[in-house]
Number of protein chains: 4
Amino acid sequence: MIKVRVLVGRCGDISNTIGALFKVTSFGESHGKAVGCIIDGCPAGFKLDIARIQSFLDMRRPGKNKYVTSRQEPDKIQILSGLISGCTTGTPICVIIYNYNTISSDYNNITFAFRPGHADLPYFYKYGLRDHRGGGRSSARATIALVIAGAIARDILMCFYNIRVYSYVNSIANIELDFLNQAHRTQNQFCFPNVFNDLFIKNSILTGTQNCDSVGATIKLFITNLFPGLGDPLYSKLDAELVAAIMSINAVKCVFLGNGNSVNVLTGKANNDLITATGFLSNNAGGILGGISTGQDIILTAVIKPTPSIFLPQRTISSAFKNIVLSIAGRHDPCVGLRAPVIVESIAAIVIFNSILRQRVYCFI
Amino acid sequence: MIKVRVLVGRCGDISNTIGALFKVTSFGESHGKAVGCIIDGCPAGFKLDIARIQSFLDMRRPGKNKYVTSRQEPDKIQILSGLISGCTTGTPICVIIYNYNTISSDYNNITFAFRPGHADLPYFYKYGLRDHRGGGRSSARATIALVIAGAIARDILMCFYNIRVYSYVNSIANIELDFLNQAHRTQNQFCFPNVFNDLFIKNSILTGTQNCDSVGATIKLFITNLFPGLGDPLYSKLDAELVAAIMSINAVKCVFLGNGNSVNVLTGKANNDLITATGFLSNNAGGILGGISTGQDIILTAVIKPTPSIFLPQRTISSAFKNIVLSIAGRHDPCVGLRAPVIVESIAAIVIFNSILRQRVYCFI
Amino acid sequence: MIKVRVLVGRCGDISNTIGALFKVTSFGESHGKAVGCIIDGCPAGFKLDIARIQSFLDMRRPGKNKYVTSRQEPDKIQILSGLISGCTTGTPICVIIYNYNTISSDYNNITFAFRPGHADLPYFYKYGLRDHRGGGRSSARATIALVIAGAIARDILMCFYNIRVYSYVNSIANIELDFLNQAHRTQNQFCFPNVFNDLFIKNSILTGTQNCDSVGATIKLFITNLFPGLGDPLYSKLDAELVAAIMSINAVKCVFLGNGNSVNVLTGKANNDLITATGFLSNNAGGILGGISTGQDIILTAVIKPTPSIFLPQRTISSAFKNIVLSIAGRHDPCVGLRAPVIVESIAAIVIFNSILRQRVYCFI
Amino acid sequence: MIKVRVLVGRCGDISNTIGALFKVTSFGESHGKAVGCIIDGCPAGFKLDIARIQSFLDMRRPGKNKYVTSRQEPDKIQILSGLISGCTTGTPICVIIYNYNTISSDYNNITFAFRPGHADLPYFYKYGLRDHRGGGRSSARATIALVIAGAIARDILMCFYNIRVYSYVNSIANIELDFLNQAHRTQNQFCFPNVFNDLFIKNSILTGTQNCDSVGATIKLFITNLFPGLGDPLYSKLDAELVAAIMSINAVKCVFLGNGNSVNVLTGKANNDLITATGFLSNNAGGILGGISTGQDIILTAVIKPTPSIFLPQRTISSAFKNIVLSIAGRHDPCVGLRAPVIVESIAAIVIFNSILRQRVYCFI
């Protein structure tokens with residue numbers, strides 16, 4: 001048979017919707033006019049707490065200190081539809097945030113180069129062209145849409161089901177951080193416990209930056225007070241859905257529940273969570289068995305790679321596919337994981353809310 | 001507001017379809033009459049190689065040696081629709097496999113007990129009832145559907161695009177196995193290189209079984225000769241789709257591309273795969289950047305937990321929610337990972353074929 | 001730009017699923033081994049009334065009298081999965097019906113000809129090949145799947161919501177039939193009132209057959225005791241969903257609610273259904289306004305074309321695209337509309353049940 | 001069993017996306033801040049002709065003459081994403097149009113009343129609340145999104161496939177209009193041939209308005225130069241998809257292909273379109289057989305009801321469910337059908353483009 005090889009170029013992206021019943025369709029690139037989303041499937045009659053949505057956005061907002069990118073964006077939301085007198089009408093909610101502080105000239109030197117560790121080269125193969133300014137659609141600014149929608153989802157989860165979603169930076173480079181409680185989170189800059197020696201952390205990040213390099217991190221997420229029985233047994237396992245959704249965040253390379261990343265070296269005896277009438281005796285499974293929630297807390301870890309944009313010269317190729325050495329300019333997070341917790345939480349909330357809505361469909365007979 | 005808490009029981013499962021353009025909808029439970037699937041979206045005019053489909057099924061078939069469950073099943077496929085003169089007609093292909101060797105009495109003692117490490121308890125919360133016989137829908141027999149559909153997908157990938165998908169057992173318990181090449185795979189019982197000291201492996205598995213315990217494993221998957229440009233940048237990243245789909249396999253707890261599970265401890269400099277005009281200088285990313293294939297080989301690892309069914313007495317609760325001690329009977333794999341490679345490959349082939357079909361939609365202007 | 005013209009041949013069919021929450025995926029062609037479906041999203045714990053499902057199938061079954069095709073099929077259902085002790089388990093239900101009375105030789109003379117009024121020619125363009133035996137996938141046998149799934153849906157609608165779905169043959173050729181009530185339906189052969197002069201009807205059908213020709217019909221459907229508030233305002237209007245689903249039935253060419261087919265000649269004053277505290281004063285809208293149910297009865301009409309297979313010689317082309325005159329053999333319904341009521345009802349029940357399930361998702365705050 | 005009856009109120013709308021591969025997700029209500037959409041799945045590298053998009057919007061824009069509503073809206077599009085240098089990037093395109101001329105006070109007297117013939121009452125049942133200002137989401141302003149997306153779709157259809165989509169007002173009240181050709185359309189106010197006696201038409205509309213009443217209309221649509229082989233044989237028949245999509249337009253109550261609305265009174269002999277080597281001898285089927293395009297022109301008719309907002313006093317109920325007599329104020333089209341052609345064309349273009357994209361998936365072997 002004939003081999004058909006050439007599939008590349010001029011493709012369209014079809015997958016900008018997350019969730020099937022609380023559906024978020026996002027748009028926008030780093031240096032375009034705006035980013036935002038349409039939220040479909042939000043129940044009617046829910047009072048939106050705009051200030052709280054804004055507060056979550058502020059958590060991921062850049063430009064707040066020297067440990068994150070210096071790009072200054074107000075990130076103020078505008079709601080264009082779906083509300084009457086501050087309440088949801090049940091119709092689609094369109095939210096937009098204009099981009100202001102776009103310095104596209106920062107990206108001039110990568111107009112004709114593919115950055116190592118970035119999506120530049122595969123994007124070019126897919127689309128046959130590339131919006132090089134700020135990473136285009138692959139910019140972390142695209143996560144704004146999910147933070148907005150996630151803020152609504154977590155409000156509903158809390159109001160109606162008393163379900164809480166929170167997370168923190170669990171490690172930076174190879175330094176593990178102790179976690180005390182969520183209350184500490186707002187008390188420092190990094191969403192991790194203030195009892196920790198901040199100087200030490202800051203040093204490890206700055207060491208990266210001083211060497212013009214970057215460092216990775218892990219985020220740990222908890223979901224408490226969740227129902228047992230959520231999720232489907234085969235192709236929409238709750239853990240698979242959480243993992244896939246959180247992998248939509250830039251730089252997240254691995255996500256697992258409980259001890260999932262190292263469970264292969266345990267025996268069945270060591271790994272099984274024994275059950276008693278008063279509850280499980282352990283939570284190795286991270287709150288999910290066979291794809292369905294057990295009623296224990298969901299415990300999930302996201303592994304985040306070091307920011308690929310580093311200020312060291314690197315070997316790569318030009319858009320003419322010639323060997324070059326590239327030095328990257330622009331404003332970049334030395335540890336992109338530091339701004340990730342609120343994004344991980346938001347996406348987890350969207351997944352969980354969808355899972356609950358799906359459950360509501362059937363449990364009536 | 002009023003808290004609505006009770007969502008459990010009598011739910012339906014809605015998620016038995018995998019793939020959007022080459023769609024596989026599966027059915028069947030361990031001790032029901034049959035398992036199988038409907039394959040929708042298979043192109044017309046493709047000659048099905050039934051013998052090859054059967055050969056893949058034989059790889060996952062139980063009862064072949066003392067290292068896997070002794071359940072004897074012929075697992076012979078019957079195709080009920082979608083063919084004329086051995087060729088696909090483009091209409092849905094229904095394939096069924098009857099269950100024969102069901103010894104439901106093996107499961108009598110768990111009729112009224114929830115097994116630790118199994119989906120029993122969350123299933124009960126979800127459905128309000130439970131098919132306890134052989135794990136019902138959560139049995140590994142449900143993977144048969146994907147092996148059948150995957151066999152067709154990989155044939156098409158090979159015929160039209162010369163894309164190969166293969167995998168092997170990469171480690172058992174804490175023993176890492178060296179990999180030489182795929183050719184060795186059919187030469188031994190475990191889908192790993194025959195140069196390895198089989199006795200050593202067998203011992204480590206049997207040690208588990210002799211202690212009435214079980215062991216975990218990892219599977220390593222390769223996809224070669226893939227296009228660059230496959231996958232979507234945000235919510236259908238190619239890596240996220242592979243990971244989520246492979247997590248539908250029983251006992252798979254973590255899946256990652258390249259060095260994804262440990263990338264947090266690297267610096268950007270160490271992790272970035274540098275690019276030259278003749279190719280990448282490394283493949284830390286496992287063949288995917290920003291959710292889109294780079295054109296390098298896909299390299300993926302699946303972490304598989306130890307079989308939860310062990311023959312040691314374990315603490316758990318009865319269906320009356322009383323504390324009991326349970327001893328599990330029945331036939332179980334001491335290392336469920338040993339039969340996983342062909343299943344991992346099949347699902348990966350389905351995901352990749354879907355991704356190529358999605359790509360075909362647009363690249364025409 | 002370059003014009004890309006050739007898209008025909010070797011396509012696959014992707015659209016064999018109906019319903020998003022009570023999902024029915026069907027398979028099977030007229031002269032294949034079997035027809036059937038997988039039903040996904042059926043709630044757990046529902047006792048299936050197999051005899052009633054069979055009774056609905058018997059209504060559409062051919063071979064019962066001289067007014068319908070003489071093909072003899074037992075059409076006995078076999079349920080392969082999703083049940084324990086006669087109750088649904090919430091997992092997918094696979095139902096199959098084997099084909100027995102296939103006389104493929106009847107179709108020998110159309111192996112190399114495209115029948116006028118049939119899907120033969122466009123099918124050939126789509127797939128590049130054609131299962132000519134009995135119409136392949138375009139045979140009315142494919143509706144069996146929907147009758148089975150619809151039987152379950154209407155049982156649930158009746159048990160839990162007291163919603164009834166019924167229909168009757170409203171006209172044959174240009175003869176309108178009066179309708180009295182559903183009770184009469186089982187008392188005659190045609191699903192229309194027995195007070196009608198049967199002889200007259202029979203004659204009009206037989207006149208068609210005696211002339212080797214065929215006649216059309218209309219079916220009228222009622223859904224009583226439905227909730228107000230079902231359906232979505234824009235792209236999943238309840239009327240649009242009913243219409244589209246019922247158009248999946250062979251030979252249905254037009255479907256409308258209330259007076260929809262002639263509403264253009266009314267004025268607003270004449271057409272508006274006035275509202276009082278005790279109910280609407282008319283039901284021109286057929287129970288749906290703005291895509292959402294009003295709480296009145298749904299009233300819907302399906303217009304069914306005359307069977308295209310007639311026994312007169314007709315001009316057409318051969319598969320070599322040469323002019324020929326074709327005389328069709330085989331067994332065909334002189335008025336295909338006569339067997340349609342139970343199919344129309346079944347599909348309507350599936351749509352309505354899906355709509356209710358969708359509604360259940362949100363109405364909780 | 002227990003009857004569960006109460007499903008009404010506080011629901012969400014989930015269905016604001018049309019198309020699966022060229023996906024349009026719309027938002028916005030009549031008197032909200034803006035209306036618009038996100039277009040997902042637009043191929044990269046296509047030069048958008050903004051002026052042409054605007055010209056289609058201008059066709060449906062209100063306020064142009066005394067035969068349509070006097071609401072004045074500039075309806076100028078703003079594109080927020082998905083473009084670089086005027087070309088599509090393959091990422092989602094967000095388009096918004098701000099609402100300006102909202103006189104919500106016009107709707108004060110219906111704040112507490114349900115208008116006959118409108119969606120007011122079922123909306124209230126669905127959502128438990130209602131945006132009464134200008135009909136909220138059920139306003140014809142929501143069609144703006146589809147005109148924008150349809151403009152892009154028809155440009156692509158024309159550029160790459162030379163497929164044309166056009167329509168005209170075929171009848172007003174009971175007056176049938178002759179059609180000559182599409183060229184005349186821009187030469188008068190109503191999208192019908194200028195050879196027609198305009199005065200006569202105008203009179204029939206004004207007669208309606210002078211009596212404070214309204215009139216219905218039919219629209220006839222043609223699609224020329226289409227491929228044979230488009231559409232799927234069962235649940236995504238091309239005709240069913242066109243019909244369902246066009247029914248999303250306000251006031252459209254019935255849509256049919258060819259002679260679909262009256263085919264029941266023909267015999268098979270009269271209705272079958274005979275085939276010759278040089279083409280079909282008739283087009284009763286309207287270009288589609290068995291759900292798949294034949295290669296003939298698509299011919300489709302949409303039946304549009306008289307505007308339900310009339311200026312005569314009508315019996316209805318208040319929001320307290322008491323009998324009242326309501327006189328409607330506000331600005332309304334005396335014949336809502338007059339602005340429908342461009343909307344019908346736009347939606348048809350979206351459906352056809354999706355169908356072609358779906359076809360592209362498979363025809364490769």
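Computed from a predicted structure; not experimentally measured.
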- prompt: Side chain, backbone, both or neither: which part of C:S15 has a non-hydrogen atom closer than 4.5 Å to chain B?
  reply: backbone
Closest contact, heavy atoms only, B:S81 versus C:A34: CB-O, 4.5 Å
query: With side chains defined as the heavy atoms from C-beta onward, is the minimum distance between C:N16 and B:I38 less than 4.5 Å?
result: no
- line: Smallest heavy-atom separation, C:R137 atom then B:T91 atom, equals CB-CG2, 3.6 Å
task: Quick one: list whatever passes side-chain contact (heavy atoms from CB on, under 4.5 Å) with C:A145, sequence neighbours left out.
output: C:S26, C:C37
- prompt: From B:L80 CG over to C:N99 CG, what is the distance, rounded to the nearest 0.5 angstrom?
  reply: 9.5 Å
task: Could you tell me which non-hydrogen atom of C:P92 sits nearest to which non-hydrogen atom of B:F27, and how far apart they are?
output: CG-CA, 3.9 Å
- prompt: Can you name the nearest heavy-atom pair linking B:T89 to C:L129, along with the distance?
  reply: CA-CD1, 3.7 Å
- prompt: Any side-chain heavy atom of B:T25 sitting closer than 4.5 Å to one from C:K23?
  reply: no
query: In terms of heavy-atom proximity below 4.5 Å to chain C, should B:I93 be classed as side chain, backbone, both, or neither?
result: neither
message: How close do B:L83 and C:E29 get, counting heavy atoms only, and between which atoms?
response: N-OE2, 4.4 Å
query: Given the options B:I84, B:T88, B:D13, which has more heavy-atom pairs under 4.5 Å with chain C than any of the others?
result: B:D13
Chain C contact via B:Y123 - which portion, at a heavy-atom distance below 4.5 Å: neither
- line: From the list C:L21, C:I14, C:I96, the residue making the most non-hydrogen contacts under 4.5 Å with chain B is C:I14
